[in-house]
Peer 1: 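Sending over a structure as structure tokens; questions will come in a sec.
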Amino acid sequence: NIAQRKAESTQPFFQVVQLTETSFDPAEWGKNFPAQYESWAKTAEMPASEQATPPAGDPRAFMAKSKLAADPRLVTMWQGYAFAVEYNEPRGHAYMLLDQQLVKRVQPPFKQPGSCLNCHASVPEVLNAIDPKDPAGAWATMNKMPYADATKLAKHPVTCIDCHDPATMKLRITRPAFVEGIKAYKATQGIANFDPNKDATNNEMRAFVCAQCHVEYYFKGDAKTLVFPWKNGLTANNALDYYDSIGFSDFTQSLTGAKVLKAQHPDYETWAQGIHAKNGVTCADCHMPYTRQGAVKVSDHQVRSPMADEAQINKSCLTCHHQTEAEMKGRVETIQSTWKESSSKSFDALDQLIRDIAAAKAAGNVNPDWIAAAQQWQRKAQFFQDYTVSENSRGFHAPQYALSIVADVTDAARRGQLALRGITEPVTKDPAKDYTPMKATPAPTTAAPATPAPAATPTPIVNPVYSPAAPAPTATP
Amino acid sequence: NIAQRKAESTQPFFQVVQLTETSFDPAEWGKNFPAQYESWAKTAEMPASEQATPPAGDPRAFMAKSKLAADPRLVTMWQGYAFAVEYNEPRGHAYMLLDQQLVKRVQPPFKQPGSCLNCHASVPEVLNAIDPKDPAGAWATMNKMPYADATKLAKHPVTCIDCHDPATMKLRITRPAFVEGIKAYKATQGIANFDPNKDATNNEMRAFVCAQCHVEYYFKGDAKTLVFPWKNGLTANNALDYYDSIGFSDFTQSLTGAKVLKAQHPDYETWAQGIHAKNGVTCADCHMPYTRQGAVKVSDHQVRSPMADEAQINKSCLTCHHQTEAEMKGRVETIQSTWKESSSKSFDALDQLIRDIAAAKAAGNVNPDWIAAAQQWQRKAQFFQDYTVSENSRGFHAPQYALSIVADVTDAARRGQLALRGITEPVTKDPAKDYTPMKATPAPTTAAPATPAPAATPTPIVNPVYSPAAPAPTATP
Amino acid sequence: MRGFLVLIGAGLVGVTVGIMGFTFGYANGFAYFADDPATCKQCHSMNKQYDAWAKGSHKTVACQECHSPEKHSQPVQWLLSEADNGFWHSLKFTTGAYPTNIKIRDHNKELVRENCLNCHGNLVSQIEQPSLHSNAQIDCLRCHNEVGHKR
Ligand SMILES: [Ca+2]
Ligand SMILES: [Ca+2]
């Protein structure tokens, strides 16, 4: 009621308890910040339409839907890797620890390192359990531990202490992988020794806290150190160049023998290429919009899709856009369906390349150099396709950029199919300089000649036949 | 000074002359509307950086730059058609008639119909010269006339009377092709018998007047009637379906023998797929922004690029976007360079398909059915590539949509190259239903097996060998 | 039975009028009839617009000059609009049943559009001219929807 409203607006919160670096229990924080705590807890809510029934024996009442069932081309692409066995839609933060503990990817025969916890648990609590005196050392220990052991030390999913300084409530970065990653990235922009906890603006932090997890990553060496591949920049191309330069691959694709990469949720990197990022619109603006709570506005800690319902669209999009909720929904649907249609075509191209290489290996009569070239193209095509389907906005975070990745997938996959047949096509850098047009003789007229005679020397040869002595085409994806 | 301002503002214009349907001379209109007339005349201005030197004997002091020189892949693509001989950047409306009269495409050996005048001259004047009593009959006559004769009747480029009703100054449509086209398109939306001059809103008219010319078109039959292919809708796919359904092609590509289409400046159709169109932002908003003239504001009739200079960016973009001029310029550059990079890759794919087909025909040992299938793919790839490079905003009018066309080009061209080798790849419609993943045996583990054994029956066969008895692959682009 | 329903009906009207009276009075609904922007600001719901207005190009123009019919030339419309808006604002404010980002209703948007012309009629006389007899033809807000108070 109004009397209460008027009171609320003058006193936003009471300092009920003193919070410290060992206030691991979010309920403690909730005494000072009930609105944020309550909405944070609501990440356990899940619309019935998104729920799936867990297999027999699973302790969960419901889980998220399978992405493998929705598009089994994922299964083909991931042959030789744990993802081919189980991969689901993401859901609320409340489930991150549980869903990780129960996924088949951490069960035998698969083995995972403690590193996995970086993004699925309240890490300060884990490090404290390992060694309260030496967080850096504890982190190294956690990374190398078998997952099954490490996860026993974890008690909560991401919680207040992971994102906030208990003394000032300021946002802060708690993950070493991000500190290193953003330092490397800022260096490419000419900014040396960037430290997000000292140098970042408040607005940057509103994306950085999310970018500790919603990013592409790999585990480096035997130490299983979590690393973000940002040394060359944040694009998909930059990441591929980085992995190529260090000779890294996640697994050997078992159908083709290609050494391939796994791309995971590059939400932050993709957002960074879009127009929202360019205009300083952050993850928190859309996924944690300000919500009227009586007379004050608080950040909605029920992190979720801004399209969840009309009220959510109103809170997030309509802060900046003067359109109706229905119009904003329509915009998102148009972008996502354009992406979906195009990325399905590129997925076919990748799938067909994989089957082709498998068939060529089975046939046994194909030039091994051609196979090697095709595998090299598969590496690119597969990383890019994985990149775009693992990104969680289905094209929305950067619509044009996402489509440029899709276009590259098709080109790489189809070039791979041609390479497998001995055909290497050039890439035109500057058409005005390094390209000569092919012209028909005689000179063209409006009425085209009935039997055109191609003039230039026909390259490449159609259907080259394999002979082990033939010069090997160079593999240069 | 203030007194003068007040006088100007209460009397926005003096009805100096009475305008009628035979006021063909824009200078007459200029007596009533000096501001609009002066800016209209300024379309003859051309920045020095965009000027090229005409060939010897050409009456023009300067002309626009050659697009063929900037990207000679156009020359290869257009073998067998007049465009391969001359194709330039567009420039101001003042030049439309002259540039058409002097282009090599209307000189022998090429023959063009009077239809060409629809978009390059003040048409009411031409029709009046043919038959002042019967505009519809005069239009039919003009279309069929040889261009060389018809153009003698034209005196002005597009002028006031083409866009405005002389009695009310309201915007109006003067081109039958648009009246028919928009009627067909609106019918696909469930609106029957739409007549733009009666049913369109003022805001629609601010795009419709431009859409009389800045659209993809073809000349129908011997009557050479100008027609816009909008029966199925406004997308590139819709246009291709339309042409396929009536069995139309513009020319036979002389290198490959494929029956192909020419796409011309689909500026309106592309804009219509973008977010600006969805928000009612019209061509006039960006290309004819309001300009302060003393105490009144008027539409800038110097139709040109909104990026021409800072002042222009300010007038057009900054009305709605509260960023700086430099930021808006940056946005456009990002969009255009992403488009440029991707569309260059797709152009390579098309170019390589063309060379492949030419080589296959020259070699003479390739299954004719495979060649036919490849030609069919060329038709699609070439129409789409032409569509995206002939559109004048280099991706800006609908950034994501433009990239989806580019992605389709690569897919079609590369499928064509495969078809030429006897390989027909399926298209997955609903992966959850009509797709079966290929799985490796044994079951995958994190450590991938050293020698994977592909299980599923390998399809398709690598390097099929031509034998005239072999079953022909179906050509289904 | 019929009498019973009438009784309930009467009761409902009474309760409604009572709530109206309370909310309208307590939530300062009468402020709506004043011309001073500070009266709009009495509701925190209007803070965002007020703050942006105070920094904007129209800080010399009162809220009402855009959001109400012109008082002197259209007294009846003015009164009706004030009563309508005053009532709804008070009710929504009291019940809290309004979204985080409030949106202008269509008829109020139309009203704002017409008010632009009260001040800028001369300036836009040329661009309005092709459609002189239908004011609604050019929508100022398509380009200038942030003039009152940027979001
Ligand atoms: Ca990865
Ligand atoms: Ca055409």
Peer 1: Would you name the heavy atoms of B:Cys320 and C:Cys143 that are closest together and state the gap between them?
Peer 2: SG-CA, 4.0 Å
Peer 1: Would you say B:Lys315 has more than 12 foreign heavy atoms packed within less than 6.0 Å of its NZ?
Peer 2: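 Buried by this count: over 12 neighbours within 6.0 Å.
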Peer 1: So, for B:Val296 and C:Asn122, which heavy atoms are closest and what is the spacing to 0.1 Å?
Peer 2: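 So the two residues come closest at CG1-O, 3.7 Å.
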Peer 1: Does atom CZ of B:Arg394 have more than 12 heavy-atom neighbours from other groups under 6.0 Å away?
Peer 2: no
Peer 1: To the nearest 0.5 Å, what is the distance between CD1 on C:Ile127 and OG1 on B:Thr291?
Peer 2: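 Answer rounded to 0.5 Å: 11.0 Å.
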Peer 1: Hey, could you give me the OG1/CG distance between B:Thr319 and C:Asn145, rounded to the nearest 0.5 Å?
Peer 2: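 It comes to 11.5 Å.
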Peer 1: Which bit of B:Asp285 is near chain C, if near means a heavy-atom gap under 4.5 Å: side chain, backbone, both or neither?
Peer 2: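 Just its side chain gets close to chain C.
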Peer 1: Tell me whether B:Lys278 at atom NZ has more than 12 heavy atoms from other residues, nucleotides or ligands lying less than 6.0 Å away.
Peer 2: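 More than 12 within 6.0 Å, yes.
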Peer 1: Under 3.5 Å, is there a donor on one side chain and an acceptor on the other for B:Asn203 and C:Arg142?
Peer 2: yes
Peer 1: Flag yes if more than 12 heavy atoms outside B:Lys42 fall under 6.0 Å of its NZ atom; otherwise flag no.
Peer 2: no
Peer 1: Between C:Leu123 and B:Ala295, what is the shortest heavy-atom contact and its length?
Peer 2: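 So the minimum-distance heavy-atom pair works out to CD1-O, 3.1 Å.
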